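Step one of this worksheet: look at the structure below.
No experiment lies behind these values; they were computed from the predicted model shown. Quick note: numbers below take in every heavy atom, side chains included, and nothing from hydrogens, waters or symmetry partners.
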Amino acid sequence: MTTPTLAHALLGLAVLVLVPAASRLHPSATRGAPRLLVAAAAPAAVSLLLPRGLPATLLALPWLVLAVVLAAATLPTLGRDRLHALPTSVAAGYLAVGAGWLVADRAGVAPLGFGDPFTVLTAVHFHVAGAVTTSIAAAWWRRRPSRPRLVALGLVMAGPPVVGAGFVAADSLLVLGAAMLTVGLWTWAGTVLMRGSGAGRWLRLAALAVLVPMLLALQWALGATLGWPALSIPMMERTHGVVNALLFALPAVLGLAPARAPDGDASRLRAGVGS
């Protein structure tokens with residue numbers, strides 16, 4: 001066993017709790033996914049406690065295989081109802097990308113030349129900012145479709161790969177992607193706080209909690225691009241990363257879970273989030 005970093009702890013939270021819970025927010029076509037994700041999550045989480053190498057890689061591989069299978073399984077639904085099916089496919093695609101970076105981190109390889117800490121941070125990014133956040137925005141839009149909710153969903157869906165491209169192609173894309181995610185999540189928060197009929201305390205907590213961390217993400221992107229003073233990577237993990245995972249993503253999936261549960265099943269669904 002090895003002592004995981006904070007980034008690995010956040011990734012473990014995403015794998016064990018956030019992603020399986022968020023998968024319940026999608027339509028019935030993917031309703032079987034949560035149990036499969038929970039089964040694959042346990043070995044993936046254990047892999048994060050081990051030193052990088054073959055054992056850790058093998059334990060993480062089922063998570064990647066399942067993520068790819070789930071992403072492929074969502075593709076046929078795009079031909080039936082593209083507007084409603086697209087967020088599910090995008091979230092599943094982000095999960096597959098994040099799982100690939102998780103396996104790369106456990107194998108100790110550096111895709112595209114990015115090593116520590118960017119391999120694990122990219123895995124966290126596509127799990128939380130990608131798969132989980134897309135699921136949250138999509139569930140909120142499906143509950144009561146409106147233009148502001150659709151704008152928020154579109155920006156949230158489009159932002160993660162633009163951020164990723166910023167590290168590879170051009171610094172300006174890093175700023176653009178951070179701005180898209182920030183505006184998208186602030187718009188989402190505004191619809192919860194100002195027009196959120198039916199939004200309970202969990203959703204309102206998530207809406208309030210997401211405001212400052214996204215501002216930190218934007219200032220970090222500007223600092224990295226323009227050379228301005230910005231928070232260090234470890235400080236971003238302790239602030240932006242922790243608050244987004246624990247005070248935005250977790251309360252949001254808790255607040256939205258009853259909307260997807262069958263009658264009488266909300267309590268079991270909430271219990272599943274904590275399992």
So which heavy atom on A71 is nearest to which on A96, and how close? CB-CB, 4.4 Å
Can you name the nearest heavy-atom pair linking A152 to G184, along with the distance? CB-O, 3.4 Å
Where T187 and P148 come nearest, the two heavy atoms and their spacing: CG2-O, 3.5 Å
Would you call V120 and E237 a side-chain contact if the rule is heavy atoms closer than 4.5 Å? no
Quick one: are L174 and V163 in side-chain contact, heavy atoms under 4.5 Å? yes
Taken to the nearest 0.5 Å, the spacing of L150 CG from L155 CG works out to 9.5 Å
Could you measure the distance from the CG atom of L153 to the CD1 atom of I136? Nearest 0.5 Å is fine. 12.0 Å
Any donor-acceptor pair under 3.5 Å from W220 side chain to L231 backbone: yes
Sub-4.5 Å side-chain heavy-atom contact between L61 and L58: yes
Does D171 offer a backbone N or O that forms a donor-acceptor pair with the side chain of T225 under 3.5 Å? yes
Is the backbone of A110 close enough, under 3.5 Å, to the side chain of T119 for a donor and an acceptor to pair up by distance? no
Side chains of V212 and V243, heavy atoms from C-beta outward: is any pair under 4.5 Å? no
Heavy-atom side-chain contact between V132 and L95 under 4.5 Å: no
Got a donor-acceptor contact below 3.5 angstrom from the R106 side chain to the S47 backbone? yes
Given the rule that I, L, V, M, F, W and Y join up when any side-chain heavy atoms are under 4.5 Å apart, are V192 and V253 in one cluster? yes
Rounded distance [0.5 Å steps], OG1 in T191 versus CH2 in W140: 6.0 Å
Kindly indicate whether the side chain of L205, heavy atoms from C-beta on, has any atom under 4.5 Å from the side chain of F248. no
Given side chains that start at C-beta, do those of L215 and L211 come closer than 4.5 Å, heavy atoms only? no
Within one Ile-Leu-Val-Met-Phe-Trp-Tyr cluster: L18 and L6, side-chain cutoff 4.5 Å: yes
Could you measure the distance from the CG atom of L246 to the CG atom of L13? Nearest 0.5 Å is fine. 6.0 Å
If we ignore hydrogens and angles and just use 3.5 Å, is the side chain of R149 paired with the main-chain N or O of A137 as donor and acceptor? no
Any donor-acceptor N/O pair, Y94 side chain to M157 backbone, under 3.5 Å: yes
Hey, any chance L64 and L112 share a hydrophobic cluster, counting ILVMFWY side chains that come within less than 4.5 Å of each other, even indirectly? no
L121 CG to F126 CZ distance, which is reported to the nearest 0.5 Å: 12.5 Å
Working to the nearest 0.5 angstrom, can you tell me the gap between L193 CG and W186 CH2? 13.0 Å
Indicate, with yes or no, if V151 and L181 share a hydrophobic cluster defined by side-chain heavy-atom contacts under 4.5 Å among Ile, Leu, Val, Met, Phe, Trp and Tyr. no
Could you walk me through whether W188 and V156 satisfy the side-chain contact (heavy atoms from CB on, under 4.5 Å) test, starting with their C-alpha distance in whole Å, then the side-chain angles of each, then the deciding distance to 0.1 Å, before giving a yes or no? CA-CA 9 Å; W188 176 86; V156 164; 5.7 Å; no
Work out which heavy atom in P111 is nearest to a heavy atom in V109; give both atom names and the distance. CD-O, 3.4 Å
Does one hydrophobic cluster hold both L66 and L11, with members joined at side-chain heavy-atom distances below 4.5 Å? yes
Specify whether H84 and W141 have parallel, tilted or perpendicular ring planes, treating 30° as the upper limit for parallel and 60° as the lower limit for perpendicular. tilted
Verdict with supporting geometry, T5 and H8, side chain to side chain donor-acceptor pair (under 3.5 Å): CA-CA 5 Å; T5 65; H8 286 99; 2.6 Å; yes
Do M235 and L216 have side chains that get closer than 4.5 Å, going by heavy atoms? no
Which pair of heavy atoms, one from A73 and one from P76, lies closest together, and at what distance? O-CD, 3.3 Å
Donor-acceptor pair, H240 side chain versus M236 backbone, under 3.5 Å? no
Hey, mind stepping through L10 and V128 against side-chain contact (heavy atoms from CB on, under 4.5 Å) and telling me if it holds? CA-CA 9 Å; L10 292 173; V128 180; over 6 Å; no
Of the non-hydrogen atoms in A67 and A99, which two are nearest, and what is the gap between them? CB-CB, 4.0 Å
